[in-house]
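For the numbers below, each heavy atom of this structure counts, side chains included, while hydrogens, waters and symmetry mates do not. Residue indices begin at 1 and follow the sequence shown.
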Amino acid sequence: MVTARTRFVPPEAAQPGPRDAATRLDELIIGYQVTQALRVVAVLGIADLLRDGERHVDDLAKQSDSDPGALYRVLRALASVGVFHEAPGRRFALTELGECLRSDSAQPLAPWAAFVSSPPQWAAWGNLLHSVRTGENAFRHTHAMRVWEYRAQHPEAAASFNAAMVGGSRRAAQDVLKAYDFSRFDSVADVGGGHGALLAAILAAHPHLRGTLFDQAHVVAGAGETLRAAGVAERCEVVGGSFFESVPAGIDCYALKFVIHDWEDDESVAILRTVRRAMGAPGETPRGTLLLIERVIEPPNRGMRAKFSDLNMLVSPGGRERTLDEYAALLDTAGFRLTRVISADSEADVIEALPV
């Protein structure tokens, strides 16, 4: 019997050899098919059904309310790329990759898999060529409104996005905590913090800290479960509002994770200036540290994750990923001085700045 903890290595990874360029390119071309197959198993919760070990596809189909034959075809395809392991008799188990699709994974990727290939996102990506030809945002071209308006009007799309952001924050939080010392602060605000997964991790790691979660009112309305589950709700104030207008004042550390990349330069500067005003009016001694947790664009021919994330900004929210020099210029325009950059992991960097 194969257990869920058994690790399998795809044959291609175990014994690499010369690969034909056309074959490799063809694998990249059909990447969209892998993406949609991953969405299927994420939405159906297949990884959770395999938590305790190997199971027959008929059992998985019955519990996920799906067709056994069609589900088998999806699972065997994903087994060919190392997400599952197919054993004799149409039985399947999780691999190391598949473990990341479990809802209780320390690196939860199922919400992200479900979100990036959801119908509104999928349709927008289908219009990438329009964006490249015109420079216009593909999501707005496709849906006749900005992504934020769309999510406000479509609760199911907002729920999918928020779940993906919670999962992403859970993945990033421990790396950010290892990279950056929050112990010197007494208070931290998570601006644009969604359901508060990052803030909850920071507060849980530092019991002396008090937190403020700030985002649009309809977003932070769903934060209670995350904060209570982390045992930090009593130390966290939840505030709804727009970071284009104001953010809570008098806080030691303002953290913005994957916020600035959602916006073009003028809007980004406006957000940063709002935070700068909260740190002290002109003539006053400014108080506070700003942290931008973002993917910094690397030099040419490196850093695939940030550069494809930049395409996602072009397609969906309408922002952009930036080089370090570009972040420094934004900060300078908004009244900050970049002090240091710390790499949290392969996914993000912590950009620290102080008000001037």
Side-chain angles (χ1 to χ4, degrees), residues 19 21-36 38-39 81 97 100 107 109 111-118 120-142 146-147 161 164-165 167-169 171-172 175-176 179 192 256-269 271-272 291-331 338 340-352:
R19 306 195 66 179
T23 299
R24 174 60 180 144
L25 182 60
D26 183 60
E27 291 175 351
L28 295 176
I29 290 170
I30 66 168
Y32 77 97
Q33 297 175 8
V34 178
T35 301
Q36 282 292 357
L38 287 168
R39 170 175 165 76
V81 294
L97 297 184
C100 297
Q107 300 287 325
L109 280 163
W112 180 246
F115 165 69
V116 297
S117 52
S118 61
Q121 293 297 116
W122 197 250
W125 265 94
N127 279 308
L128 174 62
L129 181 59
H130 173 82
S131 289
V132 173
R133 281 179 166 160
T134 66
E136 297 175 0
N137 174 246
F139 194 99
R140 183 159 40 189
H141 171 74
T142 304
R146 294 192 69 160
V147 67
F161 171 74
M165 295 304 100
S169 291
R171 298 202 318 274
D175 292 311
V176 170
L256 287 74
K257 184 183 78 67
F258 296 160
V259 170
I260 297 303
H261 76 172
D262 285 337
W263 306 92
E264 289 289 2
D265 288 356
D266 289 348
E267 295 164 314
S268 296
V269 169
I271 295 167
L272 293 171
L291 302 180
L292 303 182
I293 301 168
E294 298 282 0
R295 296 184 179 103
V296 175
I297 293 285
E298 295 185 37
N301 306 310
R302 291 167 44 191
M304 176 273 288
R305 189 67 181 87
K307 290 170 183 175
F308 274 89
S309 179
D310 181 55
L311 291 184
N312 191 52
M313 299 302 110
L314 174 64
V315 165
S316 186
R320 62 180 61 239
E321 304 293 357
R322 295 173 171 89
T323 66
L324 189 57
D325 286 345
E326 289 170 333
Y327 274 113
L330 284 182
L331 291 165
L338 192 155
R340 56 177 173 155
V341 180
I342 304 169
S343 179
D345 63 3
S346 60
E347 291 289 316
D349 298 284
V350 180
I351 304 167
E352 181 190 74

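- Within the 3.5 Å criterion, the main-chain N or O of Arg305 finds no donor-acceptor partner in the side chain of Ser309.
- Nearest heavy atoms, His261 versus Met313: O-SD, 3.1 Å.
- For the atom pair NE2 (His130) and NE2 (His141), the distance works out to 4.0 Å, reported to the nearest 0.5 Å.
- When all heavy atoms of Lys257 and Gly168 are compared, the closest pair comes out as NZ-C, 4.5 Å.
- Of the inter-residue distances, the one linking Glu321 atom CD with Leu314 atom CG reads 11.5 Å to the nearest 0.5 angstrom.
- For the atom pair CD of Gln107 and CG of Leu97, the computed distance is 12.5 Å after rounding to the nearest 0.5 Å.
- Contact between Pro120 and Phe139 at its shortest, heavy atoms only, is O-CE1, 3.8 Å.
- Atoms CD and CG, on Glu294 and Leu324 in that order, are 12.0 Å from each other to the nearest 0.5 Å.
- Atom OG1 of Thr35 and atom OH of Tyr32 lie 10.5 Å apart (nearest 0.5 Å).
- Ile271 pairs by the side-chain contact (heavy atoms from CB on, under 4.5 Å) definition with Phe243, Phe244, Leu256, Ile260, Trp263, not counting sequence neighbours.
- Side chain of Arg295 to backbone of Ala348: no donor-acceptor contact under 3.5 angstrom is found.
- A salt bridge is defined here as a Lys NZ or Arg NE, NH1 or NH2 lying under 4.0 Å from an Asp or Glu carboxylate O, and Glu298 with Arg302 meets this definition.
- For Asp26, the CG atom is densely surrounded, since the number of other residues' heavy atoms within 6.0 Å is greater than 12.
- At least one side-chain heavy atom of Trp112 sits under 4.5 Å from a side-chain heavy atom of Met165.
- For the side chain to side chain contact (heavy atoms under 4.5 Å, CB included) with Asp349, the lone residue among Val296, Ile342, Val176 that qualifies is Val296.
- Environment of CZ in Arg320: sparse, with no more than 12 heavy atoms of neighbouring residues, nucleotides or ligands closer than 6.0 Å.
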(message) Please evaluate residues Glu27 and Val34 with respect to the criterion side chain to side chain contact (heavy atoms under 4.5 Å, CB included), reporting the C-alpha separation (whole Å), side-chain torsions for both, the decisive distance (0.1 Å), and the verdict.
(response) CA-CA 10 Å; Glu27 291 175 351; Val34 178; over 6 Å; no
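- Distance CD/Gln36 to CH2/Trp122: 4.0 Å, rounded to 0.5 Å.
- When all heavy atoms of Ala138 and Asn127 are compared, the pair lying nearest together is CB-O, 3.6 Å.
- Ile351 and Leu331 make their closest contact through CG2-CD1, 4.2 Å (heavy atoms, listed as atom of the first residue, atom of the second, distance).
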(message) Could you go through Ile297 and Arg322, starting from their C-alpha distance and side-chain angles, then the distance that decides it, and tell me whether this counts as side chain to side chain contact (heavy atoms under 4.5 Å, CB included)?
(response) CA-CA 5 Å; Ile297 293 285; Arg322 295 173 171 89; 5.6 Å; no
(request) Starting from the C-alpha separation in whole Å, work towards a yes-or-no answer on side chain to side chain contact (heavy atoms under 4.5 Å, CB included) for Leu311 and Lys307. (result) CA-CA 7 Å; Leu311 291 184; Lys307 290 170 183 175; over 6 Å; no
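- Trp125 and Asn312 make their closest contact through NE1-OD1, 3.0 Å (heavy atoms, listed as atom of the first residue, atom of the second, distance).
- With hydrogens and angles disregarded, no donor-acceptor distance shorter than 3.5 Å links the side chain of Asp262 to the backbone of Gly318.
- A distance-only check finds a donor-acceptor pair linking the side chain of Glu326 to the backbone of Thr323 [under 3.5 Å].
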